[in-house]
Amino acid sequence: MQSSFKHNDISKLQQKPLSRAVQQILIGAALIATATPVLAQTADNSAEQAVEVISVTGSYSRSLEKAVDLKKTNIGFSDSIVATDVADFPEQNLAEALQRMPGVTIERNKGLGSKINVRSLPSEFTHVSINNLATASGSGGRDVEFDIFASEIIQSVTVQKSPTAADEEGGIAGSVMISTARPFDYTERKLIVSAEGAHNSISEEIDPKFSFLASDTFGDWGALVSFSKASRTNRTDANSGINFRPMGRFLEATGTRSDQAAAVLERDAGIVVSDRKDKNETSRIIFQDKVGDRLYLNDQDKWGATASLQYKPGNDFSLTFDAMKGGYDVTEDEYDAAAYSASSRSTLETIHDYDDTTLAQYGIVVLTDVSYTATQHEFLSKQRINETDYSQYSLALDWQTNGWDINGLLGFSGAEKARDYANLKHVAYAPSRTRWTAAGGETIVSDNPASIDMYNSPQSYLFEAYETELESVTDDKYAAQLDFKKSLELSFMPALSSVQFGVRYTDKSKERQFGGAKIQGPANGDSSWVNTRTLADSELQWVTDIVPGGAYKAKDLNWMQVANDYARNTFRYAGFSTPFNEGDYYRVDEEVLSLYAMANLDFDLAGMPVTLNAGVRAVDTSVLSFGYHQVQNDDGSNGYTDTPISKDGSYNDVLPSLNMTMELADGVLLRAAASETLMRPALGDIAYKRSVSWSEFRFKDGNPDLKPTTAKQWEAGVEWYLENGGILAASYFWKEIDGVVREALTGVVEDVEKLNANGTLDGYYDFEVFQPVNAQGSYKVTGLELIAQLPLSALHPALEGFGINSNYTMLDNSLTGASDLDIPTPPEGLADTTYNFTLYYENDRFDTRISYNYKDKYVEYIHLNMYPVYRDAYGQVDIAIGYNLTDNIKLSLKGINITDEEATGYTLSPLFPVMNEFSGRRISLGIRADF
């Protein structure tokens, strides 16, 4: 049944009265926000103030100079990009614009950047804010999906890698601070209009993009609006989904399947299994789990808008209202032809080839070419429809009076995401042969007379189900902040230039509903199509005709499939809807009260100027989590509690920080920082829901008592700022990360009543409880970061107009991944080396840039907790060429992935590839007018 549980019901279950102190803070914030103006920044806002002089019409080299200025004036370690760089460089969203920053890489999803990694740590380790408000994106966790944001509506981005006490906590890797434009950022009226058409080489579609910005000031008042809308059609061809599967799949089977598998292993490979139940033995004999050929068609519609109203009667007072809204709608059609070797009906028939040397150090034998008795061949037509709407509103003030800087903020950030998923599944069981190839894997006809050509036997495929899923996520975040900074001139302590302190209150709430259903006949409860209707009974098309573009890029292959539009219209009977499932529901409410104090010092040490801030941030976090608990009904069937069960959690943290710069010589800075920081646990892990395995006597619970993952960190570096706006910099950083979340046995519930399927008593048993916990111990991540940004005219006058912008990050860590086979594995997502290199040239009329972005190989996940699956190293070349037709109109030509690179991966060794993914190149032609 569809859950109708709402916020009001939760309020009835358990009220959450605010403490008197919190009420006073909110009242004070509201009074100051309505009576006294404040800027939407933290107390240490010098970097953001510097952004005010940035002009969108500046050249690329001048935008780099502005970014260097921001880096220089910030006491801690940070890097920035500004409006010209974001708007002009080839990118498909904000994530791809950020990948050019030192230490920043992106996670690609079918060729499109979606999330970012700072210094290769997982995306959820990064805290993201827009105009000083923590960003809601509608993802199921805390990580932010950057692909929902249009880069054209962004003014600047700063990645803060060493926090101050004034910065909101939440990012172990760093904090990404995004700013949108405001009217007083410009010294005069501004109107910018741009249009672009982009062509994808595989889909062969041309996609439009349009944006504008209008800003003006009227005495003490200013107003700005911006808007961006874009469509994107991208096709990805992939030979993927190839995984290792342990031989226990067959050796532990009932009946003759186990005996036959053992006999074939001994006959064809000389492998004698001593104990078929010993997973440590059987998991080291591996065969191919699944081989698939897939086409994806990704249609996107994205829009974003900002508005800013600013009152600024002087430099010591401003009141700003900022609004940001947007939408991101994606329909992804996926068409699979896959062979599942490890089907429940199958076992080994013949081992044609095997590899007992490549992974011999782990005692692993890989069966590389095998015929199976009953492979499960699948034709799948999948469709994912995602709709995300986000909005953000804030009232911000900045007031300087009598030596005081008073800053404050009231704001809301929210996102709603709906996901509608469908999968039409047809299956054929038949003998076949699956083997590795240089391009991944393939399934072909075996020597068994009953074998079929899986790509050309539609009459052999029987309807199994039309599966649907529905997910709804609501993410709301409220914030109130007050900051005070007092300039000082103390005779007894002349080094103390100012002190600052403040308070921040945030109230976050995330609610998720999820459900699934199966259609197996023409009406509710009807299963007459199962094993009677065939694939040939539906309207079939060549898969390369269903999606736009040419031939399948991964192989010389084509097959007939059911189009998703046909499937939706044919299989969804009248009145069908997907119900929400109580067992998948959760809601997490989180309140955070943060207090900080910080001292800013300026003094000379051995004749060298030193700027330093030192402070401490105290954080109090309380959690209220809700979820349904699975129970047995009186008749023995599975059910859920009538209402969600709630549970509290809380923790306190004290986070010290220190940042320092010392000017060793003119333009040469020694920079150092040390701090403690945290990352809060994923909301899905906190969610207090319970599922039960009655056969394994096991409860699986969420854990509202989880504590944050914490890190102690320090960094030191030298930066040489050149007179021509360039920079050469090197820094070394060290992080010790503690309390990573893992699942573990946390207790036992005694004498749990267990019923049989007919409702009679089976008995009373002790059930184990497994929950996410903070693992004991810590691991270290260290790294070296190098930056070189240099106009080449500094080397020779003949190179006037040329320049480079490059960075390099190298990492090392002490953690090995959680492989049950004790295979040494780096942490998931951690790439040892990343770098970016851009060569540019510009003059009054013409500019061009070519950029190469590289990310080393990394572990994407550990399959079955045993076999690490790697993404191969990936490098991509992008270009941008611009020509100023007039002083106000510019023509641009941009290219993304111009060398048409493919994404690849493997399990344990490159000899065992798991994917070859082609997303093509993207060429765009655009025009931009600036008045």
Side-chain angles (χ1 to χ4, degrees), residues 7 9-26 29 124-125 127 134 136 141-142 163 165 167-172 475-481 502-512 585-597 616-629 643-656 676-690 701-712 737-744 746-747 769-776 778:
H7 178 71
D9 298 305
I10 294 177
S11 299
K12 295 175 184 177
L13 285 173
Q14 182 167 352
Q15 297 295 327
K16 299 190 304 170
L18 299 177
S19 68
R20 180 174 176 82
V22 173
Q23 294 177 21
Q24 291 175 342
I25 290 167
L26 292 177
E124 60 268 22
F125 280 41
H127 180 262
R142 293 185 187 270
D167 295 324
E168 185 178 6
E169 71 287 343
I172 285 179
D475 185 3
D476 292 332
K477 301 180 181 181
Y478 297 87
Q481 179 168 322
V503 60
R504 184 181 182 101
Y505 170 76
T506 60
D507 188 345
K508 305 176 184 179
S509 178
K510 181 164 288 192
E511 183 179 46
R512 176 185 185 259
Y585 171 89
Y586 71 77
R587 176 177 173 133
V588 177
D589 294 338
E590 182 180 82
E591 291 183 81
V592 180
L593 180 63
S594 303
L595 304 171
Y596 80 91
V616 64
R617 189 175 186 89
V619 183
D620 179 76
T621 305
S622 62
V623 173
L624 180 61
S625 176
F626 300 89
Y628 289 91
H629 283 208
T643 59
I645 307 299
S646 66
K647 193 174 189 301
D648 289 313
S650 64
Y651 49 87
N652 298 286
D653 293 277
V654 176
L655 307 173
E676 293 186 23
T677 185
L678 60 81
M679 177 199 72
R680 293 188 169 86
L683 298 176
D685 290 333
I686 297 174
Y688 194 53
K689 57 181 183 176
R690 166 173 286 181
D701 292 1
N703 188 2
D705 292 321
L706 277 175
K707 301 299 186 285
T709 299
T710 59
K712 298 177 181 178
I737 301 173
D738 185 72
V740 175
V741 176
R742 296 282 187 262
E743 186 174 280
T746 60
V769 180
F770 283 81
Q771 291 178 288
V773 299
N774 297 102
Q776 297 296 316
S778 62

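We count residues from 1, following the sequence as given. Keep in mind that this is a model prediction, so the values were computed, not measured. Keep in mind that the numbers below use all heavy atoms, side chains included, and drop hydrogens, waters and symmetry copies.
- Contact annotation: the side chain of Val503 never approaches that of Tyr505 to less than 4.5 Å [non-hydrogen atoms, C-beta and beyond].
- Checked against side chain to side chain contact (heavy atoms under 4.5 Å, CB included), Gln771 has the following partners two or more places apart in sequence or in another chain: Asp701, Asn703, Thr746, Val769.
- Within the 4.5 Å cutoff, no side-chain heavy atoms of Glu169 are placed close to those of Pro163.
- Between Lys508 and Leu683 there is no side-chain heavy-atom pair separated by less than 4.5 Å.
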(Q) Please determine whether side chain to side chain contact (heavy atoms under 4.5 Å, CB included) holds for the pair Arg617 and Ser594, giving the CA-CA distance in whole Å, both sets of side-chain angles, and the decisive distance to 0.1 Å. (A) CA-CA 7 Å; Arg617 189 175 186 89; Ser594 303; 3.4 Å; yes
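- Counting all heavy atoms, side chain and backbone alike, Phe125 lies closest to Met679 at CD1-SD, 3.1 Å.
- Between Lys647 and Asp705 a salt bridge is recorded (basic side-chain N to carboxylate O distance below 4.0 Å).
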Result block: side-chain N/O donor-acceptor pairs under 3.5 angstrom for residues 618-627, not counting sequence neighbours:
from: Thr621; atom 1: OG1; to: Arg680; atom 2: NH2; distance (Å): 3.2
from: Ser625; atom 1: OG; to: Ile686; atom 2: O; distance (Å): 3.1
from: Ser625; atom 1: OG; to: Tyr688; atom 2: N; distance (Å): 2.7

- request: List the steps and the verdict of side chain to side chain contact (heavy atoms under 4.5 Å, CB included) for Glu168 and Thr506.
  value: CA-CA 10 Å; Glu168 185 178 6; Thr506 60; 3.9 Å; yes
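- Distance alone, capped at 3.5 Å, places no donor-acceptor pair between the Thr710 side chain and the Leu678 backbone.
- Here the CG-NZ distance, from Asn652 to Lys707, works out to 9.5 Å after rounding to the nearest 0.5 Å.
- Looking at Asp648 and Ser650, their side chains never come closer than 4.5 Å, going by heavy atoms from C-beta outward.
- Between atom OH of residue Tyr586 and atom CD of residue Glu511 there is a gap of 10.0 Å, rounded to the nearest 0.5 Å.
- The shortest heavy-atom contact between Lys477 and Ala134 is CD-O, 3.7 Å.
- Counting only heavy atoms from C-beta outward, the side chains of Arg587 and Pro644 never approach each other to under 4.5 Å.
- To the nearest 0.5 angstrom, Glu676 atom CD is 7.0 Å from Leu655 atom CG.
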For this session: Show your working on side chain to side chain contact (heavy atoms under 4.5 Å, CB included) between Thr709 and Asp738 and close with a plain yes or no.
Result: CA-CA 6 Å; Thr709 299; Asp738 185 72; over 6 Å; no
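- Taking NZ of Lys510 as the start and CG of Asp476 as the end, the distance is 10.0 Å to the nearest 0.5 Å.
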